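Naming: A, B, ... by sequence-line order, numbering from 1 per chain. This structure is a prediction, so every number in the text was calculated from the model and none was measured. The figures that follow rest on heavy atoms only: side chains count, while hydrogens, waters and symmetry mates do not.
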2 protein chains.
Amino acid sequence: MGRIHGHEPRGPGAAGGMRPCCRRAGGGGRGALVEPAALAALLAKSAHGYDLRREIQRMTGGELEVDAGGLYRVLRRLEDEGFVTSVWAEGDSGPQRRDYELTAEGRELAEDWVAHLRERERLSGLLADSLSAAMKKDTE
Amino acid sequence: MGRIHGHEPRGPGAAGGMRPCCRRAGGGGRGALVEPAALAALLAKSAHGYDLRREIQRMTGGELEVDAGGLYRVLRRLEDEGFVTSVWAEGDSGPQRRDYELTAEGRELAEDWVAHLRERERLSGLLADSLSAAMKKDTE
DNA sequence: GACAGTATATGCAGCATACATCTAGACAGT
DNA sequence: ACTGTCTAGATGTATGCTGCATATACTGTC
C-alpha cells in the first residue's frame with residue numbers, strides 16, 4: 001500500500017542502500033492503513049474504488065498512495081463483513097464501475113479505527129521516545 | 001506480539017465481541033513493534049532474551065508485552081544481519097542463557113527506527129484526523 | 001492498429017504477529 | 001518420587017497486511 005511520497009522514486013531494483021527497517025517488504029512493517037483510509041474516503045463520499053483511491057491521495061495531501069489491487073481486496077472484504085455495500089453502476093459508458101457505500105456498521109467501524117489509530121500513534125511515539133532516550137544515555 | 005494491557009484478559013476463545021480492526025490476528029495490523037522494542041531494550045542494557053522481554057515491559061510501563069517466541073526469532077534475525085552479537089553465558093546454573101549485545105550497526109539501525117516510528121506516528125495521527133473530520137462532517 | 005487512461009481483479013512473495021507446543025534446568029511443595 | 005512453577009530458548013502454524021506484477025476490458029486519441 002502506501003508509499004510515502006518524498007522518498008526517492010526508487011527504480012525497479014533500487015532498494016540497495018536502504019536499511020532493513022525501511023527496506024522490508026509488506027509495507028515495511030507499518031500498520032494496516034488501507035482499510036482505515038478506505039473508510040475515511042467512504043465517509044467523505046460514496047464512490048467506486050478507483051475514485052476512492054484518488055480521494056485517499058487528496059485527503060492525505062498526496063502522502064498516502066494505496067495500492068489499487070490492495071484497495072479492491074479490502075473493499076471486497078469489508079463488503080463480505082457487512083461494513084460496505086456495493087452495486088454495479090449502470091448506464092455508463094466505459095469500464096464497469098462498482099459503487100461502494102458505507103453501512104451503519106461501517107460507520108461504527110470507522111469510529112473504532114480512530115481509537116485504534118490513536119493507540120498506534122501513541123505506542124509508536126512511546127517506542128520512539130524510548131529509543132531516543134536510550135540512545136542519548138548511551139552517548140553520555 | 002504486544003498485547004495492550006488494560007484490555008480484558010480474554011480467555012482462550014473469547015474474541016467474541018471485538019471488532020475486526022482490533023480482532024484480527026497478526027498483531028491486528030499494527031506495525032512492527034518487536035524489533036524496535038528489542039533494540040530499545042538492548043540500548044538500555046545488554047542482556048539475554050528473557051530479560052529483554054522484561055526490560056521492554058518495564059520501559060513501556062507495562063504497555064507492551066511482546067511474545068517470547070517472536071522476540072527470540074527477531075533476535076536471531078538481527079544477529080544474522082549483523083545488528084547484534086550473542087554468546088552463550090557460561091558458568092551459570094539454571095537453563096542456558098544467550099547474552100545479546102548491540103553492534104555499531106545495531107545502534108545505527110536504532111536511529112533509523114526512531115525516524116521510522118515518528119513517521120508511523122505522524123501517519124497514524126493523520127489518518128485518525130481524517131477519519132474524525134469525515135465523521136464530524138457526516139453528522140452535521 | 002498501437003497506445004494511454006480508466007476500472008476491477010487475482011497471484012505471489014515477504015514480513016510481522018499471536019497462540020500453541022516442545023525441550024530443559026532449578027527449585028519448592030506434597 | 002511426583003507435581004507444579006519459574007526461567008530460558010526455540011519452533012510450528014495460522015492469519016493478516018503490504019507491494020509488485022499481471023490479466024481483463026472498455027474508451028478515446030494519434
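Contact record, A:Ala32 with A:Trp113: CB-CH2, 4.0 Å, taken as the closest heavy-atom pair. For the pair A:Gly82 and A:Glu105, the tightest heavy-atom approach, listed with the atom from each and the gap, is O-OE1, 3.8 Å. Heavy atoms only, all atoms of each residue included: B:Leu117 and B:Pro36 are closest at CD1-CB, 4.0 Å.
In this structure, the side chain to side chain contact (heavy atoms under 4.5 Å, CB included) partners of B:Arg54, at least two apart in sequence or on a different chain, are B:Tyr50, B:Asp51.
Remark: B:Arg97 is not in phosphate contact with C:dA26, judged by side-chain N or O atoms under 4.0 Å from OP1 or OP2.
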| field | Trace of the salt bridge (Lys or Arg N to Asp or Glu O under 4.0 Å) decision for B:Asp129 with A:Arg118 | value | CA-CA 9 Å; B:Asp129 291 343; A:Arg118 293 279 179 225; 2.7 Å; yes
| said: One pair to check against side-chain contact (heavy atoms from CB on, under 4.5 Å): B:Leu39 and B:Leu78. What are the steps and the verdict? | reply: CA-CA 9 Å; B:Leu39 291 171; B:Leu78 286 173; 4.2 Å; yes
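Contact annotation: the side chain of B:Tyr100 approaches that of B:Leu42 to within less than 4.5 Å [non-hydrogen atoms, C-beta and beyond].
Going from atom CZ of B:Arg53 over to atom P of D:dT7 covers 10 Å, rounded to whole Å. Separating the CD atom of B:Glu119 from the C1' atom of D:dT18 is a distance of 16 Å, rounded to the nearest angstrom. Summarising the geometry, the separation between CZ on B:Arg77 and C1' on D:dA10 is reported as 16 Å, rounded to the nearest angstrom. Rounded to an integer number of Å, the gap from A:Asp67 CG to C:dG14 C1' is 14 Å. One atom, CG of A:Leu33, and another, P of D:dC17, lie 11 Å apart when rounded to the nearest Å. Here the P atom of nucleotide D:dG16 and the CG atom of A:Asp80 are 12 Å apart, to the nearest Å. Rounded to whole angstrom, the span from the CZ atom of A:Arg76 across to the P atom of D:dC17 amounts to 17 Å. Here the C1' atom of nucleotide C:dT8 and the OH atom of A:Tyr72 are 5 Å apart, to the nearest Å.
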| note | Per-nt protein contacts along nucleotides 23-30 of chain D (heavy atom under 4.0 Å; B base, S backbone sugar-phosphate only, - none) come out as ---BS---
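With the nearest nucleotide of DNA chain D identified for both B:Asp51 and B:Gly70, B:Asp51 has the one nearer the 5' end.
For A:Arg73 against C:dG11, a side-chain-to-base donor-acceptor contact under 3.5 Å is present.
Residue A:Gly49 is in sugar-phosphate contact alone, with no base atom involved, counting any heavy-atom pair closer than 4.0 Å across all strands shown.
If you check C:dT8, D:dT18, D:dA8 against the side chain of B:His48, the one that comes closest is D:dA8.
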